[in-house]
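Letters A, B, ... are given to chains in the order of the sequence lines, protein chains preceding strands, and every chain is numbered from 1. Quick note: numbers below take in every heavy atom, side chains included, and nothing from hydrogens, waters or symmetry partners. Remember, it's a predicted structure, so these values are computed and weren't measured experimentally.
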Number of protein chains: 2
Amino acid sequence: MEISFKETNKRMARFEKAIRQAGVKVTIQRLEIFRVIASSIDHPDVETVYERVRERLPTVSLDTVYRTMWMLLDLGLISTLGASRDRTRFDANMENHHHFVCSRCGLTRDFYSEELDGIKIPESVKDFGSIEKAHLEVVGVCKQCAAKPNPKAQEEDTS
Amino acid sequence: MEISFKETNKRMARFEKAIRQAGVKVTIQRLEIFRVIASSIDHPDVETVYERVRERLPTVSLDTVYRTMWMLLDLGLISTLGASRDRTRFDANMENHHHFVCSRCGLTRDFYSEELDGIKIPESVKDFGSIEKAHLEVVGVCKQCAAKPNPKAQEEDTS
DNA sequence: TCTTAAATAAGAACGATTGTCAATAACATA
DNA sequence: TATGTTATTGACAATCGTTCTTATTTAAGA
Ligand SMILES: [Mn+2]
Ligand SMILES: [Mn+2]
Ligand SMILES: [Zn+2]
Ligand SMILES: [Zn+2]
C-alpha cells in the first residue's frame with residue numbers, strides 16, 4: 001500500500017486493457033488481487049497479497065492468488081524480484097562484481113566494470129538506510145537460448 | 001567449474017584460515033564442498049553442488065551440502081544470488097527503476113536515477129548474450145533494523 | 001590412544017508452490 | 001433478461017526445496 005491514487009488508477013486501466021486483450025475473464029478476484037499489488041510499495045510476497053485481498057474478499061483462496069500472480073507476470077503487468085520461482089544459488093566470488101542473467105534459462109555469469117563500481121547512488125537512497133554494497137544485474141537472453149525457439153511464443157508461426 | 005587453478009587455490013587458503021578461525025572442524029565434506037563452489041563459475045544451486053561433490057565423495061548427503069553452504073555464507077566465504085532463502089516477491093512498478101534492499105529484514109524500496117539508466121555496460125557482456133534491461137540492487141541496512149541490535153552479533157557484548 | 005563435543009547420514013517433517021477436480025460464475029448469444 | 005458454454009474458482013492432495021531429529025561417526029585435543 002501507499003502508491004498514489006493517480007498511479008494506482010493508471011495501473012488499473014492498464015490491467016483492464018491487457019486482460020481483455022488477452023481474452024481472459026475479468027473476475028472480482030483478479031480485480032482485487034491486482035488492485036492490491038498495484039497499490040503496494042513494499043514488493044509483497046503471495047502470502048502478504050493474500051492477506052490484503054482477504055480484507056475485501058474474505059473467501060478468496062491462496063491458490064487463486066498464486067495463479068493470478070503468475071498470470072499477471074505472463075501478461076507483463078508485474079515482475080518478480082530477482083529470479084522467479086527458483087532455488088537458491090551461490091557464488092564464491094567475493095570480489096566486487098556484477099552479473100549477466102539469462103531470463104530464459106537462468107545462466108548467470110560475472111563481469112567487472114571499474115566505471116560501474118564508481119557509480120553515484122542518489123542521496124535520497126540514504127533515507128532508506130545505510131548502504132553496504134551495490135551490484136548491477138543485467139538481464140538478457142544467452143546465446144544458447146537465443147539459438148533455440150522461444151517456448152513462450154504463443155501466437156503466430158505455429159504452422 | 002572453470003575457475004583458474006590459481007584463483008581456486010587462493011580461495012581454498014582463505015577457507016582454511018576462516019574455518020579454523022571460526023573454531024569449526026575441518027571435515028573432508030566441508031573441504032570438498034567448498035572446493036566445488038570455489039571452482040565454479042556458474043553460480044550453482046545446492047543440488048548441483050551436491051552432484052559435483054558426489055563425484056569425489058559418493059556418500060555425502062544433500063543435507064550436509066545444505067548445512068555447509070549456509071555455514072560458508074555465515075563465514076562470509078560465499079554469497080547468494082539475490083535475497084537468500086525467501087519467498088517470491090512481486091512488483092507492479094514497470095517503469096525503469098532500481099532497488100534498495102535491507103540485508104537484515106528484506107525491506108525493498110524503489111528509487112530512480114537518470115544517471116544510472118544511462119550507464120554503459122561493458123562490451124564484453126554482449127559475449128554472454130543480448131541485453132534486455134539492467135537494474136542496480138543496492139544492499140544495506142534499513143533504518144528500522146539499524147535501530148535494533150544486530151541478532152548476528154555472536155562475540156563480545158553478551159554481558 | 002582416549003575422550004568428547006561437533007559433524008554426518010538417513011529419513012521424517014515442514015513450508016512454499018502446484019496439480020486435480022467438482023462447483024461456480026463470466027460472458028456470448030438468443 | 002434468461003441460457004449455454006467454458007474459464008475460473010476453492011478445496012484439498014501432491015510435489016519439491018529446505019530443515020529438523022536422532023543415532024552413529026569422526027576431528028582434534030589431552
Ligand atoms: Mn558472481
Ligand atoms: Mn520495484
Ligand atoms: Zn539462457
Ligand atoms: Zn531492515
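Listed by chain and number, the hydrophobic cluster partners of A:Met94 come to none, as no ILVMFWY side chain reaches under 4.5 Å of it. With side-chain heavy atoms closer than 4.5 Å counting as contact, directly or through intermediates, B:Tyr112 stands alone and belongs to no larger hydrophobic cluster. Taking a 4.5 Å side-chain heavy-atom cut-off between Ile, Leu, Val, Met, Phe, Trp and Tyr, the cluster of B:Ile3 extends to B:Ile41.
In terms of phosphate contacts, B:Thr88 brings a side-chain nitrogen or oxygen within less than 4.0 Å of OP1 or OP2 of C:dT17. Between A:Tyr66 and the phosphate of C:dT17, there is a side-chain N or O to OP1/OP2 separation shorter than 4.0 Å. For D:dT18, the OP1/OP2 oxygens have no side-chain nitrogen or oxygen of B:Trp70 closer than 4.0 Å. One finds no side-chain N or O of B:Ser61 lying less than 4.0 angstrom from the OP1 or OP2 phosphate oxygen of C:dT8.
Atom P of nucleotide C:dT8 and atom CG of B:Leu62 are separated by 13 Å, given to the nearest angstrom. Nucleotide D:dT18 holds its C1' atom 14 Å from the CZ atom of B:Arg87, rounded to whole Å. Atom NZ in B:Lys25 sits roughly 15 Å away from atom P in D:dT25 (whole-Å rounding). Spacing between atom CG of A:Asp74 and atom P of D:dT8 amounts to 12 Å, rounded to whole angstrom units.
Applying the side-chain contact (heavy atoms from CB on, under 4.5 Å) test to B:Glu132 and every residue at least two apart in sequence or in another chain returns A:Ser103, A:Val139, A:Val141. Checked against salt bridge (Lys or Arg N to Asp or Glu O under 4.0 Å), B:Asp63 has no partners two or more places apart in sequence or in another chain. Qualifying salt bridge (Lys or Arg N to Asp or Glu O under 4.0 Å) partners for B:Glu137, counting only residues two or more places apart in sequence or in other chains: none. For B:Arg67, the side chain to side chain donor-acceptor pair (under 3.5 Å) criterion is met by B:Thr64, not counting sequence neighbours. Checked against salt bridge (Lys or Arg N to Asp or Glu O under 4.0 Å), B:Arg35 has the following partners two or more places apart in sequence or in another chain: B:Glu32.
Salt bridge absent: A:Arg54 and A:Glu51 never bring a charged side-chain N and a carboxylate O closer than 4.0 Å.
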Would you tabulate the side-chain donor-acceptor contacts of residues 119-129 of chain A under 3.5 Å, counting partners in other chains and residues two or more places apart, or write 'none'?
from     : atom 1 : to       : atom 2 : distance (Å)
A:Glu123 : OE1    : A:Lys126 : NZ     : 3.4
A:Glu123 : OE2    : A:Lys126 : NZ     : 3.1

Could you go through nucleotides 19-21 of chain C and list every protein N or O atom that sits under 3.5 Å from one of its N or O atoms, giving the distance for each pair?
from   : atom 1 : to      : atom 2 : distance (Å)
C:dG19 : O6     : A:Asp63 : OD1    : 3.2
C:dG19 : O6     : A:Asp63 : OD2    : 2.4

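One end of the helix from C:dT1-D:dA30 to C:dA30-D:dT1 points its axis 30° away from the other end's axis, with each axis taken from 5 pairs and the angle rounded to 10°.
Note on ring orientation: taking the six-membered ring where Trp is involved, the planes of A:His99 and A:His97 are perpendicular (angle over 60°, cut-offs 30° and 60°).
With distances taken from any side-chain atom of A:Val60 to the nucleotides D:dG10, D:dA7, C:dA6, the minimum falls on D:dG10.
The stretch residues 27-57 of chain B touches DNA chain C through B:Thr27, B:Gln29, B:Arg30, each having a heavy atom under 4.0 angstrom from the strand.
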